[in-house]
Amino acid sequence: MTLSEIFEGLTAIGLFISVALVFSELRRNGMEARLNNWINYTQRVFDSRNTAVDLDVADIIVRGQKNLQNLTEPEQMVFKKYLLNSALTAMSFTVLAGRGKYGEETGREQSLRLVKEEWDNNGAREYWAEIRTTPPMVKDTQLLVDEVLGY
């Protein structure tokens, strides 16, 4: 065996080790990114749910659920943004289920439950009647709200 053959063998071994290390690092970074995305999503759900912990906002939500006329114009804006945020958060369950975070049926069921909890009331129905033809949300989220409200 010549010296050049030895160096070719060492180069091949080095290249193999380098590829293995790059693959390992990419895999670790991918897992870390998925974990960070899940943490961010969980924080979004908690933030959305904790909005109602503020007694002033909770009061707006309770009065808004009865009907929009119970609210001043600024309070209506708060209530409407709350509803839109809940629909977007609900749709996230469906999207994550489609990405294999849990079963698709579980994600869809959780989405429907969350929309039902927040939108199945008089005030939300009044707001939906206002925006249904051009809602500020993507089509899939619109269909989710439509399904819950029986459209």
Side-chain angles (χ1 to χ4, degrees), residues 12-151:
I13 291 170
L15 183 60
F16 176 77
I17 291 171
S18 294
V19 169
L21 289 173
V22 168
F23 175 77
S24 173
E25 188 64 23
L26 287 173
R27 186 165 184 246
R28 189 182 65 77
N29 287 343
M31 288 187 305
E32 187 175 312
R34 283 189 297 278
L35 179 60
N36 284 334
N37 289 342
W38 187 250
I39 289 168
N40 290 336
Y41 170 73
T42 303
Q43 186 63 50
R44 175 179 171 69
V45 171
F46 285 150
D47 289 346
S48 175
R49 291 296 193 156
N50 286 335
T51 302
V53 172
D54 180 318
L55 289 178
D56 293 330
V57 176
D59 180 61
I60 291 170
I61 294 168
V62 168
R63 287 186 291 121
Q65 287 175 339
K66 293 178 183 165
N67 67 53
L68 293 178
Q69 289 67 41
N70 286 333
L71 303 174
T72 65
E73 194 170 319
E75 289 173 336
Q76 284 187 25
M77 185 189 78
V78 169
F79 181 65
K80 290 173 180 180
K81 296 293 184 191
Y82 176 79
L83 290 171
L84 292 173
N85 190 32
S86 70
L88 180 60
T89 301
M91 191 61 205
S92 299
F93 284 107
T94 299
V95 171
L96 286 172
R99 292 183 182 164
K101 294 297 179 192
Y102 38 76
E104 285 190 36
E105 188 58 36
T106 301
R108 179 160 171 67
E109 184 180 326
Q110 184 61 43
S111 294
L112 289 168
R113 284 183 181 187
L114 183 55
V115 170
K116 183 165 182 56
E117 179 182 336
E118 305 299 341
W119 284 80
D120 194 11
N121 58 70
N122 291 336
R125 287 177 183 279
E126 289 175 38
Y127 180 49
W128 192 241
E130 285 178 23
I131 66 167
R132 183 170 182 266
T133 56
T134 56
M137 58 183 64
V138 296
K139 187 71 171 172
D140 287 341
T141 307
Q142 177 186 5
L143 294 172
L144 192 63
V145 176
D146 271 352
E147 183 176 342
V148 167
L149 298 182
Y151 285 93

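All of these numbers come straight from a predicted model, not from anything done at the bench.
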**Message:** Apply side chain to side chain contact (heavy atoms under 4.5 Å, CB included) to residues F79 and Y127 and explain how you reach the verdict.
**Reply:** CA-CA 9 Å; F79 181 65; Y127 180 49; 5.5 Å; no
Closest heavy-atom contact between [X] and [Y]?
X: N121; Y: A124; value: OD1-N, 2.8 Å
X: K66; Y: E126; value: O-OE2, 4.4 Å
X: L114; Y: S86; value: CD2-O, 3.9 Å
X: A90; Y: L144; value: CB-CD2, 4.2 Å
X: V115; Y: V148; value: CG1-CG2, 3.6 Å

Tell me, do [X] and [Y] make a side-chain contact under 4.5 Å, heavy atoms counted?
X: M91; Y: M137; answer: no
X: E118; Y: T89; answer: no
X: V145; Y: L83; answer: no
X: L149; Y: K116; answer: no

**Prompt:** Of all residues at least two apart in sequence or in a different chain, which pass the salt bridge (Lys or Arg N to Asp or Glu O under 4.0 Å) check with D54?
**Reply:** none
Looking at [atom1] of [X] and [atom2] of [Y], how far apart are the two atoms once the value is rounded to the nearest 0.5 Å?
X: N70; Y: N67; atom1: CG; atom2: CG; value: 4.0 Å
X: Q65; Y: L68; atom1: CD; atom2: CG; value: 11.0 Å
X: L84; Y: W119; atom1: CG; atom2: CH2; value: 5.0 Å
X: Y82; Y: E75; atom1: OH; atom2: CD; value: 15.5 Å
X: L71; Y: M77; atom1: CG; atom2: CE; value: 12.0 Å

**Prompt:** Do other residues, nucleotides or ligands put more than 12 heavy atoms under 6.0 Å from the CZ atom of R113?
**Reply:** no
**Asked** Please walk me through it: do I60 and D56 pass side chain to side chain contact (heavy atoms under 4.5 Å, CB included)?
**Response** CA-CA 6 Å; I60 291 170; D56 293 330; 5.6 Å; no
Sequence neighbours left out, cut at 3.5 Å: what donor-acceptor pairs do the side chains of residues 15-27 make with other protein atoms?
| unit_1 | atom_1 | unit_2 | atom_2 | d |
| --- | --- | --- | --- | --- |
| S18 | OG | G14 | O | 3.0 |
| E25 | OE2 | R28 | NH2 | 2.6 |

